[in-house]
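One structure below.
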Amino acid sequence: QVQLVESGGGLVQPGGSLRLSCAASGSIFSINVMGWYRQAPGKERELVASITGGGSTNYADSVKGRFTISRDNAKSTMYLQMNSLKPEDTAVYYCNADIIPEHRYYAMNYWGKGTLVTVSS
């Protein structure tokens with residue numbers, strides 16, 4: 001029963017910071033690429049940042065220099081440090097990961113249920 005659970009969302013003022021966490025649990029053999037997506041009202045879900053098992057990262061242009069993605073493989077947890085938050089960052093943030101479950105021989109894609117980030121004064 002592999003699952004991803006996000007935490008850390010909330011209300012923050014423009015210019016503030018939040019750190020999101022995504023914990024993977026269950027019968028996991030390995031976790032490959034992980035990423036954070038977000039979906040704002042009336043918009044398509046978009047990739048915010050991704051990170052490989054080896055720590056290679058990619059960011060959407062809109063968050064470069066402000067957000068930092070990281071992971072702790074020992075804890076099977078991924079983080080998103082969000083600084084200098086803007087109202088346009090308001091969205092539901094979703095955790096996504098390619099995971100090879102135990103007793104499987106290929107990766108499956110998993111989504112968390114999301115955590116809401118609201119940036120407003």
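Below, each value reflects all heavy atoms present in this structure, side chains not excepted, and no hydrogens, waters or symmetry copies. Only a predicted model underlies this, so the values are computations on that prediction, with no experimental measurement involved. Counting from 1, the numbers follow the sequence of the chain as shown.
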Margin query: Please give me the minimum heavy-atom distance between Leu80 and Ala49, naming the atom from each residue.
Written below: CD1-CB, 4.4 Å
Margin query: For a 4.5 angstrom cut-off between non-hydrogen side-chain atoms, does Glu6 reach Cys95?
Written below: yes
Notebook entry, point to check: Donor-acceptor pair, Thr118 side chain versus Leu11 backbone, under 3.5 Å?
Noted result: no
Item checked: Non-neighbouring partners of Arg66 that pass salt bridge (Lys or Arg N to Asp or Glu O under 4.0 Å), sequence neighbours left out -> Asp89
Margin query: Assess, by modelled atom type and distance only, whether the side chains of Ser17 and Asn83 contain a donor and an acceptor separated by less than 3.5 Å.
Written below: yes
Note to self: Does any part of the side chain of Leu4, heavy atoms only, come nearer than 4.5 Å to the side chain of Ile99, both counted from C-beta?
What the structure shows: yes
Notebook entry, point to check: Taking a hydrophobic cluster as the set of Ile, Leu, Val, Met, Phe, Trp and Tyr residues connected by side-chain heavy atoms closer than 4.5 Å, whether directly or through intermediates, do Val92 and Trp111 fall within one such cluster?
Noted result: yes
Next item on the list: State, yes or no, whether a side-chain contact exists between Lys113 and Tyr94 at a heavy-atom distance under 4.5 Å.
Entry: no
Next item on the list: Would you please test Arg38 and Glu46 for salt bridge (charged side-chain N to carboxylate O under 4.0 Å, His left out) and show each step?
Entry: CA-CA 6 Å; Arg38 68 185 181 188; Glu46 64 175 347; 2.8 Å; yes
Notebook entry, point to check: If you round to the nearest 0.5 Å, how far is CD1 of Ile51 from OH of Tyr59?
Noted result: 7.0 Å
Next item on the list: Compare all side-chain heavy atoms of Ser76 with those of Ser25 and state whether any distance is below 4.5 angstrom.
Entry: no
Note to self: Using a 6.0 Å distance limit plus a 45 degree cone around the ring axis, check whether Arg104 lies over the aromatic ring of Phe29.
What the structure shows: no
Check: With sequence neighbours excluded, what pairs up with Lys43 under the salt bridge (Lys or Arg N to Asp or Glu O under 4.0 Å) test?
Finding: none
Margin query: Could you check, using the six-membered ring where one of them is a Trp, whether Phe67 and Trp36 have ring centers closer than 6.0 angstrom?
Written below: no
Next item on the list: Would you check if the side chain of Asn96 reaches a backbone N or O of Gly112 as a donor-acceptor pair within less than 3.5 Å?
Entry: no
Notebook entry, point to check: Do you reckon Ile100 sits in the same ILVMFWY cluster as Val2, going by side-chain contacts under 4.5 Å, direct or chained?
Noted result: no
Note to self: I'd like to know if the side chain of Tyr37 pairs up with that of Arg45 as donor and acceptor (distance under 3.5 Å, no hydrogens or angles considered).
What the structure shows: no
Next item on the list: Work out which heavy atom in Ile31 is nearest to a heavy atom in Ala24; give both atom names and the distance.
Entry: CD1-CB, 3.8 Å
Margin query: Taking side-chain contact (heavy atoms from CB on, under 4.5 Å) as the criterion, tell me which of Gln81, Met82, Lys75 meets it with Tyr79.
Written below: Lys75
Check: Does any non-hydrogen side-chain atom of Ser21 lie less than 4.5 Å from one of Ser7?
Finding: yes
Notebook entry, point to check: Given the rule that I, L, V, M, F, W and Y join up when any side-chain heavy atoms are under 4.5 Å apart, are Met34 and Tyr106 in one cluster?
Noted result: yes
Next item on the list: Treating Ile, Leu, Val, Met, Phe, Trp and Tyr as nodes and any side-chain heavy-atom pair under 4.5 angstrom as an edge, say whether Val48 and Val12 lie in one connected cluster.
Entry: yes
Next item on the list: State, yes or no, whether a side-chain contact exists between Gln13 and Val119 at a heavy-atom distance under 4.5 Å.
Entry: no
Check: side-chain hydrogen bond (donor to acceptor under 3.5 Å, both in side chains) with Thr52: which residues, sequence neighbours excluded?
Finding: none
Check: When you look at CD of Glu102, are more than 12 heavy atoms from neighbouring residues, nucleotides or ligands closer to it than 6.0 Å?
Finding: yes
Next item on the list: Check whether Leu20 and Ile69 end up in the same hydrophobic cluster, where Ile, Leu, Val, Met, Phe, Trp and Tyr are linked by side-chain heavy atoms less than 4.5 Å apart.
Entry: yes
